[in-house]
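Worksheet for the structure shown next.
Convention: sequence-line order gives letters A, B, ...; per-chain numbering from 1.
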Protein chains: 2
Amino acid sequence: MVVQVKHDCKIELHKVALKATPARLATLKVLEAASKPLDVATIKSKLKKDGINADPATIFRMMNSFSDKGLVREINLQESKLRYEYSAKEDHHHLLCESCGSIEDISDCNIETWEKELREKKGFMIKHHSLEFFGLCKNCQKLI
Amino acid sequence: MVVQVKHDCKIELHKVALKATPARLATLKVLEAASKPLDVATIKSKLKKDGINADPATIFRMMNSFSDKGLVREINLQESKLRYEYSAKEDHHHLLCESCGSIEDISDCNIETWEKELREKKGFMIKHHSLEFFGLCKNCQKLI
DNA sequence: TGACAAATGCAACACTCTTGCATATATTAA
DNA sequence: TTAATATATGCAAGAGTGTTGCATTTGTCA
Ligand SMILES: [Mn+2]
Ligand SMILES: [Mn+2]
Ligand SMILES: [Zn+2]
Ligand SMILES: [Zn+2]
């Protein structure tokens, strides 16, 4: 039995007119495998384990072009840096534990109600939004 | 008729064991008068108009101590910098127009429903949260 | 295989924010 | 009112994230 590759990253890249370089293919694989949004430093160290030594500037540039082309989502968890998540995953929000740093997904976000209301009340056209919760995860509550 | 000063900032500062320096008093007045959260550069230029030349390091230090003491709230609108809002104003969220940069308040946030649900489902103890909407304000929609 | 546009590495830089240290000032007690 | 002291400030240096210019390398496609 072979592990199924969910996405053919080379084709994905060509679809959006980006060259399929080793660094890009490896980065997309890293993001696809990640269970939480990754920052540039983490991506760099994961690439290194795959034998790819990418310069931070290159990773920042990759993240920008991937975001522009819709391959990844920029995640801002109010840290001093951005994280990135593979776009093929369904859009969602996050729970961030301020003690252990664990990051959990929140799905079934019915923010659509908000959007409709704001549209009608304020005439504001919402393009995107951010809803993040900060606090203590189940584990960390025990330790206090 | 005299304009009412809503808060006696000198007393507020002494309450939280901070010295009432000219820079601090002026900064609190600036934040009290502001209709949207201000960043450090904006605070600096507003202070300058009041004849106070404060070093950025001083303003950053003020914002940190004011946050710690609960005099101001740190507002993260996913820009590359933080903004600050006078705490005496009711807690609320924001609408940020990506075209003109206008910032509007959203009140009557019934996020409490969310919090309760997450607490029961995930056992996560929420300390605070962030809900921000990004898009186009009424005006900017016309200009497209 | 070769031409060409695009990607990369590296260094320099921008920006926000922090910190060490010498000096200045607000507060308090005399 | 003054003196002592803890605290606040200015300035300069530096940390961290992210960007950019430029020379070189590499992927793509003819
Ligand atoms: Mn996620
Ligand atoms: Mn506000
Ligand atoms: Zn935790
Ligand atoms: Zn606008």
Side-chain angles (χ1 to χ4, degrees), chain A residues 8-30 37-48 50-69 71-84 101, chain B residues 8-30 37-48 50-69 71-84 101:
Chain A
D8 184 331
C9 296
K10 190 168 176 186
I11 291 176
E12 299 271 296
L13 286 166
H14 286 168
K15 264 190 214 162
V16 297
L18 293 176
K19 289 184 180 174
T21 66
R24 283 175 175 173
L25 291 167
T27 300
L28 287 175
K29 237 196 305 192
V30 160
L38 304 180
D39 61 22
V40 166
T42 305
I43 292 168
K44 180 168 171 47
S45 76
K46 284 185 185 291
L47 288 177
K48 201 169 189 175
D50 293 359
I52 293 179
N53 262 294
D55 192 87
T58 299
I59 302 178
F60 282 116
R61 274 190 283 227
M62 284 196 284
M63 292 306 111
N64 285 336
S65 51
F66 290 178
S67 294
D68 290 348
K69 302 296 189 170
L71 298 182
V72 307
R73 267 192 298 274
E74 233 179 62
I75 306 291
N76 186 327
L77 297 179
Q78 313 214 10
E79 301 160 299
S80 57
K81 64 194 173 191
L82 293 174
R83 291 173 179 269
Y84 300 90
Chain B
D8 185 331
C9 296
K10 190 170 177 182
I11 292 177
E12 299 271 295
L13 285 166
H14 286 167
K15 264 191 213 162
V16 295
L18 293 177
K19 289 184 180 173
T21 66
R24 285 176 174 172
L25 291 168
T27 298
L28 287 175
K29 236 196 307 192
V30 160
L38 304 181
D39 60 23
V40 166
T42 305
I43 292 168
K44 179 166 171 51
S45 76
K46 284 184 186 292
L47 289 177
K48 200 168 190 179
D50 293 359
I52 293 178
N53 262 293
D55 192 87
T58 299
I59 301 178
F60 282 115
R61 274 190 283 229
M62 285 196 282
M63 292 307 109
N64 285 336
S65 52
F66 289 179
S67 294
D68 290 347
K69 303 294 189 172
L71 298 182
V72 307
R73 267 192 298 273
E74 233 178 63
I75 306 292
N76 186 327
L77 297 180
Q78 314 212 7
E79 302 162 299
S80 57
K81 65 195 173 189
L82 293 174
R83 291 172 180 269
Y84 300 90

Short heteroatom pairs, N/O only, protein and nucleotides 27-29 of chain C, under 3.5 Å:
residue	atom	partner	partner atom	Å
C/dT27	OP1	B/H14	NE2	2.4
C/dT27	OP1	B/A20	N	3.2

Margin query: Test of understanding: with side chain to side chain contact (heavy atoms under 4.5 Å, CB included), list the residues that count as partners of B/P56, not counting sequence neighbours.
Written below: B/K44, B/F60

Next item on the list: Take atom CD1 of A/I11 and atom P of D/dT28, then tell me their distance rounded to the nearest Å.
Entry: 12 Å

Check: Can you name the residues that form a side chain to side chain contact (heavy atoms under 4.5 Å, CB included) with A/N64, not counting sequence neighbours?
Finding: none

Item checked: Atom-pair distance (CD1 on B/I52; C1' on D/dT9), nearest Å -> 13 Å

Notebook entry, point to check: For A/P22 and A/I52, which heavy atoms make the closest approach, and how far apart are they?
Noted result: O-CD1, 3.6 Å

Notebook entry, point to check: Given atom CG of A/N53 and atom P of D/dT26, what is their separation to the nearest angstrom?
Noted result: 14 Å

Notebook entry, point to check: Please give, in whole Å, the distance from D/dT19 P to A/D68 CG?
Noted result: 10 Å

Check: D/dT17 P sits how many Å from A/Q78 CD, rounded?
Finding: 17 Å

Next item on the list: Walk me through it: do A/L13 and A/L71 pass the test side-chain contact (heavy atoms from CB on, under 4.5 Å)?
Entry: CA-CA 8 Å; A/L13 286 166; A/L71 298 182; 3.8 Å; yes

Note to self: I'd like to check the side-chain hydrogen bond (donor to acceptor under 3.5 Å, both in side chains) partners of B/D39; sequence neighbours left out, ordered by chain and number.
What the structure shows: B/T42, B/K81

Next item on the list: Using side-chain hydrogen bond (donor to acceptor under 3.5 Å, both in side chains) as the criterion, list what pairs up with A/R24, not counting sequence neighbours.
Entry: none

Check: At what angle, to 10 degrees, do the two end axes of the helix from C/dT1-D/dA30 to C/dA30-D/dT1 meet, given five pairs define each axis?
Finding: 30°

Check: To the nearest angstrom, how far is B/R24 atom CZ from C/dA24 atom C1'?
Finding: 14 Å

Next item on the list: Kindly write out the residues that satisfy salt bridge (charged side-chain N to carboxylate O under 4.0 Å, His left out) with A/K15, not counting sequence neighbours, or none if the list is empty.
Entry: A/E12

Margin query: Using the side chain to side chain contact (heavy atoms under 4.5 Å, CB included) criterion, which residues pair with B/S67? Sequence neighbours excluded.
Written below: B/V72, B/E74, B/Y84

Check: Any side-chain heavy atom of A/I43 sitting closer than 4.5 Å to one from A/M62?
Finding: no

Checklist line | d(CD, A/E79; P, D/dA15) in whole Å | finding: 21 Å

Margin query: Measure CE/B/M63 against C1'/D/dA8 and give the value in whole Å, please.
Written below: 14 Å

Name the pairs: protein N/O against N/O of nucleotides 11-17 of chain C, kept only if under 3.5 Å.
residue	atom	partner	partner atom	Å
C/dC17	OP1	B/L82	N	2.8

Note to self: Suppose we screen for side chain to side chain contact (heavy atoms under 4.5 Å, CB included). Which residues come up paired with B/D50, at least two apart in sequence or across chains?
What the structure shows: B/V30

Notebook entry, point to check: Does the side chain of B/T27 reach to within under 4.5 Å of the side chain of B/I59, using non-hydrogen atoms?
Noted result: no

Note to self: Of the options C/dG9, D/dG10, C/dA26, whose atoms approach the side-chain atoms of A/A54 most closely?
What the structure shows: C/dG9

